[in-house]
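The next block holds one structure in the form of structure tokens; read it before the comments.
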Amino acid sequence: MSDMPAVDVPSISVVIPAYNEAESLVDTVAAVVAALPEPHTAQLVLVNDGSSDDTIAVMQSIAADCASMVAIVDRPVNGGMGQALASGFERATGKVLTWIPGDGEYDLSEVLAGLSLLSDGASPADVVLVRRIARGQLGRNIVSTIMYGLIRLMFGFDARGYCGIFVISQERWHELAVASRDVFFTLEVALRSRHARWNIAFVAAEWRPRRAGRSKVFNVRTILRNVGELFSFRWRLWRGH
């Protein structure tokens, strides 16, 4: 028998939003389950964000024989990442919450390095943000640099490399009361945490080429909406909201 002490693994909910990800979703979920410390105590929340392909059928097939509990949120109309994530987190029941995109661009095992930071007895983090390692796409890097500069100027927060993925307890999640239902959703998590003077920790995760299809997030319209919400959020904070 091992002399290693038993480790209490918190129940985890992983939200996986997907829009037209029928080709990549099976492999993504398999990688997520493989990364879970205790798959049988975990919950996967699969969010179909109004897909026009067979994404919902793939989700139903996954739910039928997955090692983890699976909840499916079937959104009839594509609302974008913010709405998909908000819908997913509403169904998440785990003690610890996180998310991973359905295209397989990030490895959950790297994200879950943040679990130990939430339970660090000396100085536990209130939230763990994931920083991206080397995307290597010039256009994205230029736009990201401009956004990081705006965020630092307006909020005094260093958001460099933040990919939008986070790890947080269920209790802290409800305290944040994230209001955005657009692409700003994940940035609001970081900025509200900063505004509340929470202990924010970081882990790094490598960006990987998506398993199939093309990115549906990086476009001019999305960028402009994000900038607009950034200014709107700053105004709400000034007014005490």
Side-chain angles (χ1 to χ4, degrees), residues 13-19 43 45-50 71 73-102 111 114 118 125-131 143-144 146-202 216-241:
S13 288
V14 183
V15 176
I16 307 177
Y19 172 57
Q43 177 197 38
V45 182
L46 308 182
V47 184
N48 174 41
D49 190 28
V73 179
D74 187 13
R75 297 177 50 81
V77 178
N78 176 244
M81 181 66 75
Q83 291 188 34
L85 285 173
S87 299
F89 281 107
E90 285 175 3
R91 290 286 299 274
T93 59
K95 294 178 183 177
V96 175
L97 312 177
T98 190
W99 73 278
I100 209 86
V111 173
L118 291 179
D126 296 297
V127 63
V128 178
L129 306 182
V130 179
R131 282 185 167 140
V143 171
S144 296
I146 294 171
M147 282 294 293
Y148 297 150
L150 276 175
I151 293 166
R152 184 186 288 273
L153 180 65
M154 296 169 67
F155 299 93
F157 178 66
D158 184 1
R160 285 178 298 175
Y162 174 48
C163 69
I165 300 174
F166 52 86
V167 185
I168 192 170
S169 69
Q170 179 83 244
E171 180 181 4
R172 282 303 202 194
W173 173 249
H174 287 293
E175 290 179 29
L176 274 186
V178 175
S180 175
R181 293 298 180 265
D182 209 332
V183 68
F184 187 71
F185 182 94
T186 57
L187 186 53
E188 186 178 345
V189 170
L191 296 181
R192 282 196 179 276
S193 300
R194 162 75 174 181
H195 186 69
R197 299 185 183 278
W198 282 5
N199 182 14
I200 301 173
F202 293 89
K216 310 166 188 73
V217 176
F218 187 74
N219 57 64
V220 173
R221 182 178 298 178
T222 298
I223 294 166
L224 291 177
R225 288 205 314 268
N226 210 359
V227 171
E229 284 215 59
L230 191 68
F231 281 93
S232 176
F233 182 66
R234 177 68 273 178
W235 175 248
R236 293 199 304 272
L237 289 184
W238 275 331
R239 298 184 63 190
H241 297 293

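Note that the structure is predicted; figures quoted are calculated from it, not measured. Heavy-atom basis, side chains included; hydrogens, waters and symmetry copies ignored.
- Taking each heavy atom of Y162 and V189 in turn, the nearest pair found is OH-CB, 4.3 Å.
- Under the rule for a salt bridge (Lys or Arg N to Asp or Glu O under 4.0 Å), the partners of E188 that lie at least two apart in sequence or sit in another chain are R192.
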**Asked** Hey, mind stepping through F89 and V178 against side-chain contact (heavy atoms from CB on, under 4.5 Å) and telling me if it holds?
**Response** CA-CA 11 Å; F89 281 107; V178 175; over 6 Å; no
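- The shortest side-chain heavy-atom distance between V111 and V167 falls under the 4.5 Å cut-off.
- With sequence neighbours excluded, the residues satisfying side chain to side chain contact (heavy atoms under 4.5 Å, CB included) with S87 are V73, R75.
- Closest approach of A125 to V128, counting heavy atoms only: CB-CG2, 4.2 Å.
- Residues V127 and L176 form no side-chain contact, since every pair of their non-hydrogen atoms from C-beta on lies 4.5 Å or further apart.
- W99 contributes atom CH2, which lies 4.5 Å from atom CE of M81 (distance to the nearest 0.5 angstrom).
- Considering only heavy atoms from C-beta on, F184 stays 4.5 Å or farther from R225 through its side chain.
- Residues satisfying the side-chain hydrogen bond (donor to acceptor under 3.5 Å, both in side chains) criterion with N226, sequence neighbours excluded, are absent altogether.
- Here the shortest heavy-atom pairing between D49 and G80 reads OD2-N, 2.9 Å.
- Atom CZ of residue F166 and atom CG of residue L129 lie 9.0 Å apart, to the nearest 0.5 angstrom.
- What you find for Q170 and A92 is that their closest heavy atoms are NE2-O, 3.3 Å.
- At least one side-chain heavy atom of F157 sits under 4.5 Å from a side-chain heavy atom of I200.
- Closest of all the heavy-atom pairs between G88 and V45 is O-CG1, 3.6 Å.
- Partners of F185 by ring pair (Phe, Tyr, Trp, His ring centres under 6.0 Å), not counting sequence neighbours, listed by chain and number: W173.
- For F231, the side chain to side chain contact (heavy atoms under 4.5 Å, CB included) partners two or more places apart in sequence, or in a different chain, are L150, M154, V227.
- The salt bridge (Lys or Arg N to Asp or Glu O under 4.0 Å) pairs that include a residue from residues 163-174 are D126-R172, R172-E175, where partners are two or more places apart or lie in different chains.
- Partner of I16 under the side-chain contact (heavy atoms from CB on, under 4.5 Å) criterion, chosen from N48, I100, V47: I100.
- Within the model, atoms CG of D182 and CD of Q83 stand 7.5 Å from one another, a figure rounded to the nearest 0.5 Å.
- For Q43, the side-chain hydrogen bond (donor to acceptor under 3.5 Å, both in side chains) partners at least two apart in sequence or on another chain are S13, T93.
- For R160, the side chain to side chain contact (heavy atoms under 4.5 Å, CB included) partners two or more places apart in sequence, or in a different chain, are Y148, R152, D158.
- Among residues two or more places apart in sequence or in another chain, the side-chain hydrogen bond (donor to acceptor under 3.5 Å, both in side chains) test is passed with T98 by none.
- The side-chain hydrogen bond (donor to acceptor under 3.5 Å, both in side chains) search around S169 returns none, not counting sequence neighbours.
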**Prompt:** Taking it one step at a time, do I151 and L230 satisfy side-chain contact (heavy atoms from CB on, under 4.5 Å)?
**Reply:** CA-CA 8 Å; I151 293 166; L230 191 68; 3.9 Å; yes
